[in-house]
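Accompanying notes for the structure given below.
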Amino acid sequence: MDRIKHKILKVGDDLSLHVAEIGSGGNAVVFLHGFPEIWYSWRHQMIALADAGFRAIAFDYRGYGLSDPPPHPDNTTWSHILDDLLHILQALHLPKVFLVAKDFGARPAYLFSILHPERVLGVVSLGVPYVPPGPSAFHKFLPEGFYILRWQEPGRAEADFGRFDAKTVVKNVYILFSRSEIPIANENQEIMDLVEPDTPLPAWFTEEDLAIYGALYENSGFQTALQMPYRSLGEVFNLPDPVVKVPAFLIMGGKDYSLKFPGIEDLTKGERAKEHVPNLEVAFIPEGTHFVQEQFPAEVNKLILDFLAKHT
């Protein structure tokens, strides 16, 4: 981990983003994290790619980890992430990159490839396929206790999370998202209550890992993380053509709870997937959960490196 270097990049006049970087090889790979992840969630992939001759870069989104909180956290949108990504490429003098994204990071990665195809060599997404922009329909298919619906409700998650320290919140979410069932609370139950206090961490996630995540979220809090992505899902994108044209690769854990979201199976296995992403490849890691890149790093690293080699 000492090989990974850290820097602060200015975005605009009043925002600084934390960037982690390793390697000085040819093509650059930029990683986009999910929630409750952070740049650190890509540690295994960054080192493996650097050892294979790539330049690996991961950043904390605005309001996450060591990056500055935005001036108005409650107004943070997906467009801000897209703008920040473009600023990072410009600041690091990267004309064209591969994007590797996890969880909700998949949306800005795919959208960036549509808006700036000249700057993207290919997209790899983990845990989430490309979902064409449109109104969220979770409320039509999932009950009120579905975690995303709960976290969209102003004040509800803040009160729920506020009963615990940041480290415990991250621990509980990691445990919940490592299961194969969608986290859904009963009417008089909060999402954090779905995890018993004595539940152990997943075997592949160490106490040291948890301490690092906990410290980063202690620093940033959860205000921006709840806004982006959960409370920004309704953002409208007027794309002239919502098809992903660049080469794309989807890596899914076979036991990922998100496969049970309405319509997701069609976007990973069905014809609909190729309709929106013509140059799509898909790989499943049978025992993998939502955190497949941390759970099975060697397998994920090989899949990513094979894809990069094919399109370099």
### Query
Do Y213 and F205 make the cut of ring centroids closer than 6.0 angstrom?
yes
### Message
With a 6.0 Å cut-off on the ring centroids, do F261 and F146 count as close?
### Response
yes
#### Entry: Pair F291-Y174, ring-ring contact (aromatic ring centres under 6.0 Å, His included): steps then yes or no
CA-CA 8 Å; F291 300 105; Y174 251 84; 4.0 Å; yes
### Task
For the residue pair E294 and S41, confirm or rule out a side-chain donor-acceptor distance under 3.5 Å.
no
### Task
Would you check if there is a donor-acceptor pair between the side chains of D103 and H290 at a distance under 3.5 Å?
yes
Crowding at [atom1], [X] (>12 non-hydrogen neighbours, <6.0 Å):
{"X": "D2", "atom1": "CG", "value": "no"}
{"X": "H72", "atom1": "NE2", "value": "no"}
{"X": "K96", "atom1": "NZ", "value": "yes"}
{"X": "E118", "atom1": "CD", "value": "yes"}

### Task
Apply side-chain contact (heavy atoms from CB on, under 4.5 Å) to F237 and S79, showing your working.
CA-CA 9 Å; F237 293 92; S79 295; 3.9 Å; yes
Donor-acceptor pair, distance only, cut-off 3.5 Å: does the side chain of [X] make one with the backbone of [Y]?
{"X": "S125", "Y": "L250", "answer": "no"}
{"X": "Y217", "Y": "I212", "answer": "no"}
{"X": "D60", "Y": "L66", "answer": "yes"}

### Query
Which word best sums up how the rings of Y147 and Y257 line up, parallel for under 30°, tilted for 30 to 60°, or perpendicular for over 60°?
perpendicular
### Message
Over 60° means perpendicular and under 30° means parallel, so tell me whether Y64 and Y61 are parallel, tilted or perpendicular.
### Response
perpendicular
### Summary
To the nearest 0.5 Å, atom CD of Q152 lies from atom CD of Q227 at 10.0 Å
#### Entry: CD-CG distance between E207 and L201, expressed to the nearest 0.5 angstrom
5.0 Å
### Query
Is R43 paired with D209 through a side-chain N to carboxylate O contact shorter than 4.0 Å?
yes
### Task
Walk me through it: do D241 and K245 pass the test salt bridge (charged side-chain N to carboxylate O under 4.0 Å, His left out)?
CA-CA 10 Å; D241 183 2; K245 304 284 178 59; 3.0 Å; yes
### Message
One pair to check against side-chain contact (heavy atoms from CB on, under 4.5 Å): I304 and F54. What are the steps and the verdict?
### Response
CA-CA 12 Å; I304 293 174; F54 291 89; over 6 Å; no
Testing the basics here: between [X] and [Y], what is the closest heavy-atom pair and its distance to 0.1 Å?
{"X": "P262", "Y": "F141", "result": "CG-CB, 3.5 Å"}
{"X": "A58", "Y": "W39", "result": "CB-CB, 4.0 Å"}
{"X": "K171", "Y": "P197", "result": "NZ-O, 3.9 Å"}
{"X": "S178", "Y": "T289", "result": "O-CG2, 3.1 Å"}
{"X": "V169", "Y": "M192", "result": "CA-SD, 4.1 Å"}
{"X": "V11", "Y": "R62", "result": "CG1-NH2, 4.5 Å"}

### side-chain hydrogen bond (donor to acceptor under 3.5 Å, both in side chains) between E37 and Q293, intermediate numbers included
CA-CA 11 Å; E37 293 155 308; Q293 88 279 17; 2.9 Å; yes
### Query
Is K310 close enough and on-axis enough to F249, meaning under 6.0 Å and within 45°, for cation-pi?
no
### Query
Are R107 and W78 in a cation-pi contact, defined as NZ or CZ under 6.0 Å from the six-membered ring centre and within 45° of the axis?
yes
### Query
Can you list the steps and then say if N27 with V97 is a side-chain contact (heavy atoms from CB on, under 4.5 Å)?
CA-CA 7 Å; N27 285 311; V97 299; over 6 Å; no
### Task
For side-chain contact (heavy atoms from CB on, under 4.5 Å), just list the numbers for R179 and I175, CA-CA rounded to whole Å, side-chain angles, deciding distance to a tenth of an Å, and then say yes or no.
CA-CA 7 Å; R179 296 171 178 171; I175 290 169; 3.6 Å; yes
